[in-house]
**Student:** 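Quick one: the structure is below, questions incoming.
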Amino acid sequence: GAGVSQTPSNKVTEKGKYVELRCDPISGHTALYWYRQSLGQGPEFLIYFQGTGAADDSGLPNDRFFAVRPEGSVSTLKIQRTERGDSAVYLCASSPTANTEAFFGQGTRLTVV
Amino acid sequence: AQKVTQAQTEISVVEKEDVTLDCVYETRDTTYYLFWYKQPPSGELVFLIRRNSFDEQNEISGRYSWNFQKSTSSFNFTITASQVVDSAVYFCALRVSGGYQKVTFGTGTKLQVIP
């Protein structure tokens, strides 16, 4: 597709469940980023991939959060044992290289009930 | 550590008025990049501009203009002759150089342009 695609657009899950959020970056973009945006706040950095490897995962809040990008394209953000505080919009972005502007997807709104 | 402050939480203007969105940043790095993004109700962040710390020239793009002043650590954004389509949340952001890809965003300013 032309832009960054994130699925699902909305996800409601019960506390304690496991969820996966998917990001399809723009074709050919080597850099991929995940951010989390809580209501009324700016996006907060979670993790950055360069190719298949996580070059910077310093923003992941705890070990319940994990992300992969096995083939250097699609990425999946995985959250185990979800908590109500994980409710937020999870944004994915990609860029052609590490030092160019990132293009954002429309996000996945995660609600933990 | 980096910090971006957008003191204006919400601004309302009448269409065709000019409006300036303020941004103040903090960093100890000498090389850094500043950004503005627009987030319309659809949720997608739209890139507007990037400036590096060595380029203090003001920039104009159509109705948009940016004023970068290192002396006051500010990177303000002005919309001239605002339109209803400008209604959105605007984020100022900062990234330091040196291989760090973490972008620090401000809390955003919600702009409402009233017809």
Side-chain angles (χ1 to χ4, degrees), chain A residues 1-10 23 25-26 29-51 53-61 67 69 88-110, chain B residues 1-10 21-27 29 31-54 59 61 75 77 88-111:
Chain A
V4 177
S5 175
Q6 291 187 247
T7 54
S9 54
N10 279 284
C23 172
I26 294 173
H29 282 193
T30 62
L32 185 145
Y33 315 81
W34 283 99
Y35 286 81
R36 178 170 71 174
Q37 186 175 18
S38 300
L39 190 63
Q41 300 296 313
E44 291 178 285
F45 170 82
L46 295 178
I47 188 170
Y48 156 62
F49 286 91
Q50 181 58 44
D56 184 354
D57 64 357
S58 62
L60 294 177
R69 194 186 185 199
V89 175
Y90 290 81
L91 294 166
C92 178
S94 70
S95 61
T97 63
N99 286 312
T100 51
E101 285 67 56
F103 295 85
F104 282 80
Q106 292 189 319
T108 293
R109 181 176 299 278
L110 175 66
Chain B
Q2 283 66 243
K3 184 178 180 181
V4 176
T5 301
Q6 295 180 256
Q8 304 150 308
T9 307
E10 290 192 42
L21 310 183
D22 298 332
C23 173
V24 175
Y25 62 93
E26 295 176 31
T27 179
D29 287 75
T31 303
Y32 51 89
Y33 300 89
L34 295 164
F35 305 80
W36 275 96
Y37 283 88
K38 174 182 180 180
Q39 189 173 43
S42 61
E44 185 174 341
L45 279 163
V46 178
F47 166 80
L48 295 178
I49 188 171
R50 178 180 83 162
R51 301 309 300 272
N52 72 56
S53 52
F54 298 110
E59 181 158 339
S61 176
F75 186 43
F77 172 32
V89 180
Y90 291 85
F91 291 97
C92 180
L94 166 70
R95 176 169 68 82
V96 298
S97 186
Y100 298 94
Q101 299 306 317
K102 182 187 304 185
V103 177
T104 300
F105 284 81
T107 51
T109 297
K110 183 177 181 179
L111 173 65

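Note that the structure is a prediction, hence the values are computed from the model and not measured. We name chains A, B, ... by the order of the sequence lines, and we start the count at 1 in each one.
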**Student:** Could you check which of A93(A), A102(A), P43(A) has the highest count of heavy-atom pairs closer than 4.5 Å to chain B?
**Tutor:** P43(A)
**Student:** Do you know which two heavy atoms are closest between V4(B) and C23(B), and how far apart they sit?
**Tutor:** CG1-SG, 3.8 Å
**Student:** Between Q6(B) and chain A, which part of the residue has a heavy atom less than 4.5 Å away: side chain, backbone, both or neither?
**Tutor:** neither
**Student:** Checking heavy atoms, do the side chain of Y35(A), its backbone, both or neither come under 4.5 Å from chain B?
**Tutor:** side chain
**Student:** Search all heavy atoms of S94(A) against all heavy atoms of V4(A) and return the closest pair with its distance.
**Tutor:** OG-CG2, 3.5 Å
**Student:** Is there a donor-acceptor contact under 3.5 Å linking the side chains of Q50(A) and T30(A)?
**Tutor:** yes
**Student:** Is it the backbone or the side chain of Y37(B) that comes under 4.5 Å from a heavy atom of chain A, or both, or neither?
**Tutor:** side chain
**Student:** Side chain, backbone, both or neither: which part of Q37(A) has a heavy atom under 4.5 Å from chain B?
**Tutor:** side chain
**Student:** Less than 3.5 Å apart, any donor N or O on the side chain of Y25(B) or T104(B) sitting next to an acceptor on the other?
**Tutor:** no
**Student:** Considering only heavy atoms, which portion of L46(A) lies under 4.5 Å from any heavy atom of chain B: side chain, backbone, both, or neither?
**Tutor:** neither
**Student:** Classify the ring geometry of F103(A) against H29(A): parallel below 30°, tilted from 30° to 60°, perpendicular beyond 60°.
**Tutor:** tilted
